[in-house]
Colleague: 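One structure coming up, written as structure tokens, with questions to follow.
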Amino acid sequence: MTRTESTVQRLQGQQTFGQSPPRVEDLALLTGRGRFTDDIRFKDTLYAAFCRSSEAHGRIKTLDIGAASQAGGVVAVFTGRDVAGLGLASVNALTPEIYPLPPRALAEDTVCAVGAPIAMVIAARPTQAIDAAERIEAEIDPLPTNLPQRLDGPIRARETWIASVEGHTRHDSAVHAAVSLRQSRLAPVSLEPRTIVADAGSTPGLMTIWLGTQSPHRIRDELAAILGIRRDAVRVIAPDVGGAFGMKASLYPEDIAVAWAAWSLGRCIKWISTRGEEFLSATQGRGHHIDASLTASADGRLLDLDARVRAPLGHWMPFSAVVPTRNAGRIMPGPYRVESVNIEATGHTDHGASVGIYRGAGRPEAALTMELLLDRLATALEMPPAELRLRNLVAPDDMPWRTLTGQLLDSGRYAEALNRAESLLSRQGIDSGSRRLRGSASICYIEPSGTGWETARLKLCDDGTFEATTGSTTQGQGRTTTVGQIVSAQLGISADLIRVCHGNSSAPDTAIGALASRSTPIGGSALDEACSKLKAKAAEKSGRDPVASMDWQEVARNVGPLTVDACYKADGEAWGYGAVGCRIAIDPETGVLEIERLVWIDDAGTIINPVLAKGQLMGGVAQGIGEALLERIIYDEDGQLLTGSLMDYGIPRADDMPPIQIEQLETPSSMNRLGAKGIGEAGTIGAPAAIACAVMDAVRPVGVKHLDMPYTPARVWKAIQDARQSPSGKKPGYGTGTAPADH
Ligand code: SMO
């Protein structure tokens, strides 16, 4: 959808990379003139509401829709039987072993999670739909659940990585460290809940869908296949989207039900999720159970990394369901050389909400495991943790470096980043007079940013202005600004001549969308390629030298308009990386934890807009702090969700954010035209690992051996109390952590 002049400002003047013009999106977004899906209003719109399962697992014995059908304003009530003939959504088969469990629009006989939709009411007004949905009587015979999370459910995905360097053998004398992590499931909590408008009433044979999504093209293809209609009969538009974080990459049961009903009735139907419905039925993240061990030679050379990763999948699998399973395994060695890996990752269904990609998607799990193992090994080796890391980081001269899990690390100055983090952290003096327990850590992370292709279209209009369309969508990242910068810089034109378009499945006809930190590396490179193509085409048409700078006004007058399409395929995955230094303090009397310092070195290759890059990092850090300190989805043994609102599920607020010192390195990647690497997920990858290592550094001296996130005051206090009472407590270890003298 082309943005209108009134809501979106344009960048002014000619841009170059590395500048930070203010985001052009913000005036509209901050003054209530954004256009979100709920702002799409048509006169004859009908509204959908869902009746959801009250049981986590059970058989639907009776489903009485009589009263609902008779209720005021109700147009139709649909149940699982009505949609039983629909096709199935696809699940990306990224692991060698996979048994897909795609979503069903409405449950038919069996329900497999609390909140699973079992009937849908369509009514004239939203309140009428909700009232009628509450009159639906469902009798469900409960069956046993496998919650709280045990990860003993059926395996739906499996991948193993077993490899070693030539001549490697296992040695019994090696120094050994192990961790056993039980991660919490997290709710992504986008500010804008899921919303869909499906209009099949305006143009015969065409359904236009407005949806807060990261991937309009895939949603179009999937819906057309599921409904059994032609692909060109469906158009999907992502208008302004208020946060997504992977959670809005998926096609949901509710989307299928609403689109099907709109198409069947030939009407326009809207559904707006509530916050409660988001907690129940939006995809969640994390929740991995990881048992891992790492060995080293006496001089600190990393030898054997063994890991067993079990990831929850919930009760249905979105397109990218196996990504967190697979990423946790393939990224586990991180930026370090090891001599052998034996890693198995499996994904398991259960009777909770579906679990999918959530900012980081397996990367945070990998970093957390490896960094905790390294700190433990350092303690066992009586070696400073940074020294152990530095000894094993892959060196710039060795790159591109193929890891034992088969990943090609393209470029990076890992040791430089870690040294810088260490020196920034150590410059902060430690206040040893306090009664608080203090701990610090410096960790490293890597951030793969996607493979494959993305599209772009560039048009020189006959009035000499430009239209730049990217296949990468935007959910608040400031894409309109960066696209304007890229095209302005590469064409050598003033940015106020450029209109930026995105989020429309018709233009261009194919695209992937915003996922996996790929938008600037791959989507940006597609724009860069389109710029080159436009220059070449203009040169050819006007008989000019393509190297000389174009007089675009003249080209437009003489040969315009010109349109070029680019479909850019990256040479390989670009790996962003960084190092994080963290210092924390814990009050042992209350368990309250304070992050005193956070220093961050990130390398995302070529940076288009440093302020926006920094914003991505800080947003990710906030979510990483949420994971480390506050957030936890809890199901009881009946599979009932105990954290179904923001009263029960804590997300970080501005006053939970510590001061963060950020520095950026810029080592361009050779894997794409721009040399860009991902940064969107860096914060969620690095923050939990850094905080975890600092916390363990603080509590190890009082005898705490392990602590799972979130580090809430109650958990931290109890762990300290338990350790003090246990006879094996108070084992000293290496680190800056110091127990107060009077304890
Ligand atoms: S968690 Mo991202 O949308 O790959």
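For reference, positions follow the sequence shown, starting with 1. Whatever order the structure lists them in is the order used to number ligands and atoms, beginning at 1. Predicted model, so just to flag it, every value in this text is computed and none were measured. Side chains are part of it too, since the values below use all heavy atoms of this structure and drop only hydrogens, waters and symmetry mates.
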Colleague: Out of the candidates Q183, R632, R359, only one should pair with E627 under the side chain to side chain donor-acceptor pair (under 3.5 Å) rule; please name it.
Modeller: Q183

Colleague: Between Y358 and R286, does the side chain to side chain contact (heavy atoms under 4.5 Å, CB included) criterion hold? Intermediate values first, please.
Modeller: CA-CA 7 Å; Y358 166 49; R286 316 279 189 268; 3.7 Å; yes

Colleague: Determine whether the aromatic ring centres of F50 and W271 lie less than 6.0 Å apart.
Modeller: yes

Colleague: Of all residues at least two apart in sequence or in a different chain, which pass the salt bridge (charged side-chain N to carboxylate O under 4.0 Å, His left out) check with D509?
Modeller: R220, R231

Colleague: Going by the side-chain contact (heavy atoms from CB on, under 4.5 Å) test, name the single residue among L527, N672, D528, L674 that passes it with Y568.
Modeller: N672

Colleague: Could you go through ligand 1 and list every pair where one of its N or O atoms sits under 3.5 Å from a protein N or O, giving the atom names and the distance to one decimal?
Modeller:
| from | atom 1 | to | atom 2 | distance (Å) |
| --- | --- | --- | --- | --- |
| ligand 1 | 3 (O) | Q214 | NE2 | 2.9 |
| ligand 1 | 3 (O) | G246 | N | 3.4 |
| ligand 1 | 4 (O) | A516 | N | 2.8 |

Colleague: In terms of relative ring orientation, are Y252 and W316 parallel, tilted or perpendicular, with 30° and 60° separating the classes?
Modeller: perpendicular

